[in-house]
Amino acid sequence: MNESKTYKNYIGGKWVESATGTTFNSINPANKEEILVKLQKSDEKDGDMAVDAAEDAFEKWSSMPAPKRGEILFKAARILEEQKEELAKTMTKEMGKILIETRGDVQEAIDIIKLMAGEGRRLYGHTTPSELPNKFCMTINLPVGIVALITPWNFPMAIPAWKIAPALIAGNTIVFKPASDTPLCAIKLVEIFEKAGIPKGVLNIVTGSGTSVGMPLVKHKKIRGISFTGSVETGQIITKEAGLKRVGLELGGKNVIIVMDDANIDLAVDGAIWGGFGTTGQRCTAASRVVVHEKVGDKFTEKFVERAKKLKVGDGLDPETEMGPAINESQLKKIHKYTEIGKEEGATLLTGGKILTEGKFTQGFFYEPTIFSDVTKDMTIAQDEIFGPTVAIMAAENLEEAIHIANSVEYGLSSSIYTESINNAFKAIEKIEAGLTYVNSSTIGSEVHLPFGGVKNTGNGTREGGIKGIEEFVETKTAYIDYSGRLQRAQIDIE
Ligand code: NAP
């Protein structure tokens with residue numbers, strides 16, 4: 001990789017410098033001295049230019065038959081497949097997660113783009129009988145217009161693809177503002193759409209901060225829809241500033257694994273390790289809480305801690321590494337702050353709890369896999385989304401108490417139960433307040449053809465993925481076709 005390379009914004013089919021004339025660095029979180037590339041430090045003017053380009057492109061793109069739009073998406077998916085390994089390595093360097101996970105991230109992008117490309121031949125509306133004779137009723141799906149997509153850093157290609165693919169297939173034009181920690185991955189994704197033949201102005205990317213690029217887009221009069229994935233705090237600000245625009249929100253999580261007394265404990269430990277420490281705990285679906293039936297608490301905890309202690313932390317490009325760094329210094333400090341709070345509030349630190357600073361860790365943002373026990377549901381580490389490799393173990397007497405603890409947070413994204421009982425499983429599916437419940441697998445592992453999203457403060461009801469993923473990006477038009485040849489009045493005419 002050319003270390004001094006400067007990437008530009010993609011606006012109206014051209015790679016252009018920011019109006020500010022300034023850049024910022026994208027760095028490797030496993031080695032903060034390594035500057036990967038420079039990116040445009042854009043502001044409102046650049047966003048405005050991108051919105052104008054998206055406006056110019058809208059009529060032609062939205063009029064193109066959806067199956068033809070789908071052909072461009074299929075081509076983008078094929079190019080992604082060809083470049084998968086190279087992109088995964090770039091992502092590990094920029095975001096830190098280990099290679100098998102970044103390959104999975106690119107694969108998820110491929111899968112959602114293919115799924116949505118196929119939607120070009122469906123985009124189903126529905127028909128229904130009219131209450132009047134010789135009259136036909138139907139709905140069709142039309143694009144929302146120009147949409148702004150604002151994304152986080154933890155899934156640098158998959159999350160943008162979850163938004164770009166349905167937005168495009170539905171005929172919208174896009175201004176995309178990626179996270180400032182992973183702009184290179186976002187640029188690479190846009191380059192692929194360019195190679196696939198996306199017409200100029202249909203997909204635009206503007207790099208820069210949330211306040212200088214993201215917020216002006218949120219307020220922009222010509223933007224009709226905003227699709228945002230990120231923290232609850234930012235989601236709340238966006239909701240307040242967006243006015244009457246359509247806003248899709250995918251926010252944080254404080255996800256739970258329940259381990260019942262009849263659970264296969266080894267399987268539950270596998271799930272807790274993967275859910276708690278995969279992606280260094282930086283997944284919206286990370287299993288940051290484990291509620292264990294008191295009869296199997298000791299057995300589970302002993303095995304879980306033993307496995308966590310053996311996890312190999314390091315650079316994600318090293319095939320031996322099982323857990324990479326945190327994304328940046330402020331995230332690392334935040335994780336450690338929560339360790340201090342956990343101790344102060346009386347939880348027992350069983351393993352971890354330290355920033356790694358020696359030897360190969362000196363230049364990166366590395367933290368030890370950390371487990372607390374004796375956590376009670378109101379403690380800060382049981383309530384706040386830490387977004388790091390910290391797991392809180394809590395005890396429950398029975399399933400009812402476990403579900404009560406599970407529901408005692410403001411979030412509602414993912415959940416899981418380990419049990420051999422079909423009754424326990426179905427009760428958990430019904431009663432846990434979350435958008436996702438897994439039985440006998442961890443809190444992570446969504447598949448692109450099923451809806452993804454949360455309840456409570458995790459969102460505002462939108463779902464990504466699956467056929468429902470289109471809904472965020474379409475307006476439903478209802479059409480009545482009267483072929484009676486006379487004036488018929490609904491609700492009044494009586495034959
Ligand atoms: P974040 O700080 O909210 O940032 C997300 C995006 O919003 C970034 O592009 C950011 O830009 C931008 N932004 C920040 N402030 C803004 C503002 N005032 N106006 C407009 N845009 C603004 O979140 P993050 O730290 O990147 O991501 C972690 C969070 O995302 C966690 O809470 C996690 O649970 C959540 N998440 C949720 C899901 C889900 O599907 N539910 C999936 C993944 C992650 P900058 O990067 O330039 O600051």
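When a ligand or atom number is given, it counts from 1 through the structure's own listing order. Only heavy atoms go into these numbers, but all of them, side chains included; no hydrogens, no water, no symmetry mates.
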Check your understanding: What pair of heavy atoms forms the shortest contact from F452 to C284, and how long is it?
Key ->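 Looks like CZ-SG, 4.0 Å.
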
Practice item. Search all heavy atoms of I198 against all heavy atoms of L203 and return the closest pair with its distance. Key: CG1-CB, 4.4 Å

Is [X] in polar range of ligand 1, meaning some N or O pair under 3.5 Å apart?
| X | value |
| --- | --- |
| V232 | no |
| D181 | no |
| T151 | yes |
| K177 | yes |
| S231 | yes |
| E385 | yes |

Check your understanding: Under a heavy-atom criterion of less than 4.0 Å, does F155 contact ligand 1?
Key ->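 So F155 does not count as touching ligand 1.
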
**Study point:** Proximity flag G235 to ligand 1, non-hydrogen atoms under 4.0 Å
**Key:** no

Review point. Side chain or backbone of T229 under 4.0 Å from ligand 1, or both, or neither, by non-hydrogen atoms?
Key: both

Exercise for review: Select one of side chain, backbone, both or neither to describe which atoms of F387 lie under 4.0 Å from any atom of ligand 1, heavy atoms only.
Suggested key: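 The answer is the side chain.
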
Check your understanding: So which of G210, S212, G230 gets nearest to atom 20 (C) of ligand 1, if we judge by its closest heavy atom?
Key -> G210

Exercise for review: With rounding to the nearest 0.5 Å, note down the distance linking CD in Q383 to OG in S288.
Suggested key: 10.5 Å

**Study point:** Between CG on residue L249 and OG on residue S227, distance to nearest 0.5 Å
**Key:** 8.5 Å

Using a 4.0 Å cut-off to any heavy atom of [X], which atoms of ligand 1 qualify?
| X | result |
| --- | --- |
| G208 | 47 (O) |
| I150 | 6 (C), 7 (O), 9 (O), 12 (C), 21 (N) |
| M215 | 18 (N), 19 (N), 20 (C) |
| N154 | 43 (C), 44 (C) |
| S180 | 45 (P), 46 (O), 47 (O) |
| L413 | 41 (N) |
| I159 | 42 (C), 43 (C) |
| S209 | 47 (O) |

**Study point:** W153 ring center near F387 ring center (under 6.0 Å)
**Key:** yes

Check your understanding: Under 6.0 Å between the ring centres of Y7 and W15?
Key ->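 Judged by ring-centre distance (under 6.0 Å), Y7 and W15 do not meet the cut-off.
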
Suppose we measure from [atom] to each protein heavy atom; which comes out shortest, and what is that distance?
| atom | value |
| --- | --- |
| atom 42 (C) of ligand 1 | C284 SG, 2.9 Å |
| atom 40 (O) of ligand 1 | F452 CE2, 3.1 Å |
| atom 24 (P) of ligand 1 | W153 NE1, 3.5 Å |
| atom 7 (O) of ligand 1 | F228 CE1, 3.1 Å |
| atom 27 (O) of ligand 1 | P152 CB, 3.4 Å |
| atom 41 (N) of ligand 1 | L251 O, 2.7 Å |
| atom 14 (C) of ligand 1 | T234 CG2, 3.7 Å |

Practice item. Using the six-membered ring of F366, assess whether NZ or CZ of K354 lies under 6.0 Å from its centre and within 45 degrees of the ring axis. Key: no

Table please: side-chain donor-acceptor pairs of residues 179-186 below 3.5 Å, with sequence neighbours left out.
unit_1	atom_1	unit_2	atom_2	d
S180	OG	G208	O	3.2
D181	OD2	N328	ND2	3.2

Pair [X] + [Y], salt bridge at N-O below 4.0 Å:
| X | Y | result |
| --- | --- | --- |
| D270 | R307 | yes |
| E85 | R103 | yes |
| E475 | R224 | no |
| E472 | R246 | no |
| K200 | D56 | no |
| K97 | D105 | yes |
| E385 | K254 | no |

Practice item. Return a yes/no value: protein heavy atom under 4.0 Å from atom 9 (O) of ligand 1? Key: yes

Exercise for review: Check for a donor-acceptor pair, side chain of N204 on one end and backbone N or O of G12 on the other, with a separation under 3.5 Å.
Suggested key: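 Answer holds: yes.
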
